[in-house]
Participant: 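Quick one: this structure, given as structure tokens, is what I'll be asking you about.
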Amino acid sequence: MAGHSQFKNIMHRKGRQDAQKSKLFGKLAREITVAAKLGTPDPAMNPRLRAAIIAARAENMPKDNIERAVKKAAGNDGENYDEIRYEGYGPGGVAVIVEALTDNRNRAASDIRSYFTKSGGNLAETGAVSFMFDRLGIVEFNASVASADAMLEAAIDAGADDVASSEGGHEVYAAPDSFQQVAKALEAKFGEPRKAALTWKPQNTIAVDDEAGEKLLKLMDLLNEHDDVQNVYANFEISDALVNKMSA
């Protein structure tokens, strides 16, 4: 299908637009602290922490900030965050999943519900839309680390399920239970990936017109700018023209 898949371009868009590095670093630090608190502070033994640190490095988060976030998990005076997944429908009936880490469940739910309502969508029950997505591990590398054939061969050997290679890089997908094994094998061969995390990948995407697409992108921005929101996923595609217009 022609056009841009939201799954591929929203994160890139967010990265370009998020000039508020302190806000982004705050979210990354929150994930590092929660990951370290739930497991061991050693990233070699804690896959979630390892993924969080890779994400922080990809955004050029200073090493001191990363270490401080890990150490914060050991203190008893740190905040306690709840992990919550919100699901709903955006304009055009597009399915949206929002992952949050919050120290105030009521505030997060109220804010996120209002964003959906203002956009012409609605928040639904947990499980209402997640069945339209696959829960997968994704390992990403820059295109320069290997040819498409070499990455495919290495991914198959590592036990991955699927690979998508393009000028933008290589995306290797694996089942959640084999994801860490795949990530370790590929890192040993190609070096540290630019991303290694669990994700929600839509099974199918919906092409929306530019009017609905603009509303959806504004909803994505509102959600991504909220301090409690860590990740947003949706199953829509938009036109090249709208991507260019909104990125200008």
Participant: Roughly how far, to the nearest 0.5 Å, is the CG atom of Asn122 from the OH atom of Tyr89?
Facilitator: 8.0 Å
Participant: Between Arg85 and Glu99, is the closest basic N to carboxylate O distance under 4.0 Å?
Facilitator: no
Participant: In terms of side-chain geometry, is the basic nitrogen of Glu214 or Lys218 positioned less than 4.0 Å from the acidic oxygen of its partner?
Facilitator: yes
Participant: Report the distance from atom OG of Ser119 to atom CG of Leu217, rounding to the nearest 0.5 Å.
Facilitator: 11.5 Å
Participant: Count I, L, V, M, F, W, Y as connected when their side-chain heavy atoms are under 4.5 Å apart, and connections chain through other members. Are Leu49 and Val34 then in the same cluster?
Facilitator: no
Participant: Decide side-chain contact (heavy atoms from CB on, under 4.5 Å) for Arg194 and His170; before the verdict, give the C-alpha distance in whole Å, the side-chain angles of both, and the deciding distance to 0.1 Å.
Facilitator: CA-CA 10 Å; Arg194 69 185 184 195; His170 306 283; over 6 Å; no
Participant: To the closest 0.5 Å, what do you measure between OG1 (Thr102) and NE2 (His226)?
Facilitator: 7.0 Å
Participant: Quick test of your reading of the model: are Asp227 and Lys23 salt-bridged, counting only N-O distances below 4.0 Å?
Facilitator: yes
Participant: Please check if atom CD in Glu67 has more than 12 non-hydrogen atoms from other residues, nucleotides or ligands closer than 6.0 Å.
Facilitator: yes
Participant: Output the distance between atom CG (Asn46) and atom CD (Gln180), rounded to the nearest 0.5 Å.
Facilitator: 9.0 Å
Participant: Spell out, as yes or no, whether a donor-acceptor pair under 3.5 Å connects the side chain of Arg30 to the backbone of Leu101.
Facilitator: yes
Participant: If only atom types and distance count, is the side chain of Asp42 paired as donor or acceptor with the main-chain N or O of Ala44 below 3.5 Å?
Facilitator: yes
Participant: Please determine whether a side-chain nitrogen of the Lys or Arg among Arg107 and Asp228 lies less than 4.0 Å from a carboxylate oxygen of the Asp or Glu.
Facilitator: yes
Participant: Taking Tyr233 as the starting point, is it possible to reach Phe131 by hopping between hydrophobic residues whose side chains are less than 4.5 Å apart?
Facilitator: yes
Participant: Would a distance-only check, ignoring hydrogens and angles, find a side-chain to backbone donor-acceptor pair under 3.5 Å from Ser110 to Asn106?
Facilitator: no
Participant: Should Lys201 and Glu171 count as an ion pair when the cut-off is N to O under 4.0 Å?
Facilitator: no
Participant: For Leu242 and Ser239, what are the C-alpha separation, side-chain angles and deciding distance, and is it a side-chain contact (heavy atoms from CB on, under 4.5 Å)?
Facilitator: CA-CA 5 Å; Leu242 182 57; Ser239 69; 3.5 Å; yes
Participant: Please identify each residue that fulfils ring pair (Phe, Tyr, Trp, His ring centres under 6.0 Å) with Phe190, with sequence neighbours left out.
Facilitator: Phe141
Participant: Do Lys27 side-chain atoms and Val229 backbone N/O form a donor-acceptor pair below 3.5 Å?
Facilitator: yes
Participant: If I take atom CD1 from residue Ile156 and atom CE from residue Met151, how far apart are they, to the nearest 0.5 angstrom?
Facilitator: 12.0 Å
Participant: Closer than 4.0 angstrom, basic N to acidic O: yes or no for Glu83 and Arg48?
Facilitator: yes
Participant: Would you compute the distance between atom CG of Asn231 and atom CD1 of Ile97 and round it to the nearest 0.5 angstrom?
Facilitator: 10.5 Å
Participant: Has the side chain of Asn224 got a donor or acceptor atom that lies under 3.5 Å from a matching backbone atom of Met220?
Facilitator: yes
